[in-house]
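Side chains included, hydrogens not; waters and symmetry mates left out as well; all remaining heavy atoms used.
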Amino acid sequence: MKTNFKLLIKLTVVFVFAFGCRLSAVDTPGKNSSETTKISNILLEGSVFSSPNSSSFIIPKPPPINSVEETAFQARGLAIREKLAAINLDEKDAWWRRIKLGDPHKYLLPIILARLSLQNEPAGNNYDLQHSWDVLLKLDQDKPDLYHFRAPLDVRIFFLFKETMPLDVKLAYRRQLESPRVLEWTEAGTENHTFMQRASGLALMNNSGFPVGDPASIATNEAWLRSELNKFLTIGQGEFHSSIYYGYSISGLLNLYDFSQDQKLRELAKGLLDWYAVNMALRLSWGTAGGAESRGFDRNTWNNGLTAVAWLWWGDQPELAQKMDDQYAWLALPASLSSYRPPEILRAIARKEIPLPFEARASHPAYYSYHQSNRLWETFYITNNYSLGTLLEPARVYQVKGTIRAQYATYKLVVRDPKGQQNAVINLGGTYHGLQATGRSPGDQLVQKRGAVIFQLILNETDLKAGVPAASHLVLPQHYGQPQRYKNWYIWKLHNIWLVARPWGDKIELKSSISEKQPNLQALAAQGNKTAWITDVAAVDDYPNFQQLKTGLDQTEIQDQDWKSQGKLSYKSLAGDRLTLTYQQNEALGNAIINGKQQVLENWPVLDSPYIQEKLYSGLLEVNVPQQPFWRLRGTLMGPTWETKK
């Protein structure tokens with residue numbers, strides 16, 4: 001009795017007021033031809049004293065909810081929720097305790113959230129809601145740390161179910177904002193860690209109705225998010241187009257978008273989410289995260305953190321949810337329960353329902369910097385059958401720990417599977433960070449024009465002392481078999497394209513499997529202290545058979561007479577482009593000439609393509625698609641603004 005009385009007194013200081021208003025559609029032009037987007041809250045908040053009602057929670061949805069696209073979105077979202085809910089929660093709970101896992105929320109919260117979200121669906125009858133609450137509360141008691149992987153789903157559970165959750169669970173959330181625990185919401189880390197932690201924490205502090213033990217934490221998190229949006233709109237992103245981590249960052253931002261009561265915070269979240277969506281749409285290659293990326297190398301089709309979210313936003317076939325690994329599928333869960341939808345103009349770009357081919361280039365900043373702009377340079381090219389992206393990085397660095405260089409995708413060729421089952425993904429490079437030729441090996445130098453690339457690696461004394469392997473690899477799926485040969489060319493037919501490769505080295509060797517860890521990948525290896533490659537891609541429509549391809553290759557031109565003495569190669573491609581690359585022995589970037597013009601990397605735009613543009617330092621992201629109103633996101637001192645015009 002005494003305990004209950006103390007609890008009642010404690011609760012009397014907590015008041016949560018009901019409010020809410022309708023969300024204005026941000027992608028629909030108003031009466032004026034050009035307008036600034038206005039965003040309003042969409043959720044009705046409840047009181048801490050609300051009576052439990054198993055069907056009172058509302059999944060946030062944007063208007064219009066009766067469109068064909070929205071109906072398909074909801075079907076995909078339901079498929080993800082049903083898939084995750086079916087995972088054995090008790091087994092996962094016992095598993096993390098047995099192995100003493102450091103981040104159990106990452107594996108248990110998707111199951112709990114999915115089950116709770118199904119209580120108004122037929123599948124919800126399979127699960128005991130109280131059991132989910134019991135596991136959640138015990139998890140908080142045994143692992144109270146408010147760490148990044150916990151934050152996105154934990155905060156979403158609170159806001160979606162705070163009117164129906166048991167009182168002891170609600171009090172556990174209240175304690176998250178008490179001092180000193182509240183300070184954990186300002187913790188930093190890698191880019192995605194901080195987005196998960198700070199955006200989710202800011203939403204909780206802004207609209208939980210609970211006292212905040214350290215009010216300065218609110219300002220800290222908001223200031224960081226504003227600085228990130230300013231960075232994205234002026235010099236770009238450090239963790240650009242990460243197939244592994246984009247979904248994590250997005251999950252945190254969705255909390256701020258859905259649950260903040262402050263319109264300016266919701267606009268801030270939308271600006272950042274739109275940035276992510278634009279970058280995803282530009283490079284998305286039929287279910288694979290195409291092009292160069294920071295922190296990832298996607299070899300899958302609709303089965304990665306980034307592409308799980310992209311599938312939910314722009315994909316089809318709800319049954320694909322069952323083919324996704326659980327570790328990727330849960331990253332689509334927050335988006336399936338969110339009111340955020342990407343700008344409609346991005347749909348055609350993401351689905352590549354636009355005129356192809358097109359070329360794009362981009363520049364990126366140093367990973368953590370807010371002023372070191374134009375430090376990495378990306379080239380991207382996409383046709384109806386393939387996409388190819390390469391990345392240049394200006395430092396010859398040998399660090400293997402505490403660096404993201406091992407996680408760069410510096411050459412990625414994605415070949416479209418016409419059946420939509422499994423795209424072919426190929427990479428090329430040195431093997432400093434692994435035999436699969438991913439990561440930025442210290443001496444890799446290359447140049448790309450459309451589907452053609454010249455790659456070179458010449459080891460210097462520093463490379464040799466650092467243990468840089470004397471080899472470079474062209475890596476592709478094993479099931480495509482051995483290449484055909486024509487002169488010095490190695491040739492594969494992959495779906496609707498031909499991939500041709502001409503290597504240089506002391507020894508050229510085909511490895512049917514590159515390692516025990518990667519048994520399904522084969523590699524054509526060029527071995528020696530001085531290796532090089534020319535790769536080119538052609539459509540089967542242009543060369544219907546092998547004989548016609550050989551005729552096409554006879555019309556290309558390779559000049560390698562200065563390769564041994566000067567490290568110089570020149571190639572006239574199947575498309576008619578002339579690429580020349582001269583290796584710079586002690587540097588990181590080669591001397592590249594494309595169609596007679598020196599490649600100059602100074603002041604590249606943040607994004608530049610026929611459909612998406614952002615000039616360096618401009619603060620303006622523009623999207624233009626034929627037959628659609630243009631779309632603009634502009635950074636201002638007061639926050640992001642949007643413009644559309646017919």
Under 3.5 Å, is there a donor-acceptor pair between the side chain of Y432 and the main chain of Y398? yes
Partner of R295 under side-chain contact (heavy atoms from CB on, under 4.5 Å), picked from Y246, F240, Y245, is Y245
So do the side chains of I250 and L273 get within less than 4.5 Å of each other, counting heavy atoms only? yes
Going through the checks in order, is the side-chain hydrogen bond (donor to acceptor under 3.5 Å, both in side chains) test met by S294 and Y408? CA-CA 5 Å; S294 170; Y408 285 139; 5.1 Å; no
Salt bridge between E353 and R347, side-chain N to carboxylate O under 4.0 Å? no
Strictly under 6.0 Å, is that where the ring centroids of Y107 and W330 end up? no
Within a strict 4.5 Å, meaning less than it, do heavy atoms of the V425 and L413 side chains meet? no
Any donor-acceptor N/O pair, E393 side chain to A395 backbone, under 3.5 Å: yes
Counting only N and O atoms by type, is there a donor-acceptor contact under 3.5 Å from the side chain of T556 to the main-chain atoms of L553? yes
Is R502 positioned over the aromatic face of W533, cation under 6.0 angstrom from the ring centre and no more than 45 degrees off axis? no
List the steps, then state whether side chain to side chain contact (heavy atoms under 4.5 Å, CB included) holds for E319 with R76. CA-CA 8 Å; E319 59 272 17; R76 294 191 295 275; over 6 Å; no
Between N427 and R299, a side-chain donor and acceptor under 3.5 Å: yes
Might you work through the side chain to side chain contact (heavy atoms under 4.5 Å, CB included) test for Q445 and R396, ending with a clear yes or no? CA-CA 10 Å; Q445 298 179 18; R396 202 170 181 124; 3.8 Å; yes
Would you indicate whether Q482, at its atom CD, is surrounded by more than 12 heavy atoms from other residues, nucleotides or ligands within a distance under 6.0 Å? no
Within 45° cone of F297 ring axis and under 6.0 Å: K412 NZ or CZ: yes
Using the benzene-type ring in the case of Trp, are the ring centres of Y386 and W498 under 6.0 Å apart? no
Is the distance between the ring centroids of Y411 and F455 less than 6.0 Å? no
Establish, for the pair R485 and W489, whether the NZ or CZ atom is under 6.0 angstrom from the six-membered ring centre and no further than 45 degrees off its axis. no
Lys/Arg N to Asp/Glu carboxylate O, E378 vs R361, below 4.0 Å: no
Student check: side-chain heavy atoms of K106 and R150 closer than 4.5 Å: no
Sidechain N-carboxylate O distance under 4.0 Å for D506, K530: no
Is the ring centre of Y248 less than 6.0 Å from the ring centre of H148? no
Looking at W275 versus F232, is the centre-to-centre ring distance below 6.0 Å? yes
Under the 3.5 angstrom rule, does the side chain of T307 hit a backbone N or O of A289 as a donor-acceptor pair? no
Polar side-chain atom of S363 near backbone of L376 as donor-acceptor pair, under 3.5 Å: no
Compute the ring centroids of H495 and Y480, then answer whether they are less than 6.0 Å apart. yes
Evaluation steps, side chain to side chain contact (heavy atoms under 4.5 Å, CB included), between W302 and Q422: CA-CA 9 Å; W302 299 125; Q422 180 61 55; over 6 Å; no
Step-by-step side chain to side chain contact (heavy atoms under 4.5 Å, CB included) determination, W286 to K352: CA-CA 8 Å; W286 316 285; K352 298 303 175 279; 4.2 Å; yes
Which of L607, L284, D274 passes side-chain contact (heavy atoms from CB on, under 4.5 Å) with N279? It is L607
Between R450 and D577, is there a salt bridge with N-O shorter than 4.0 Å? yes
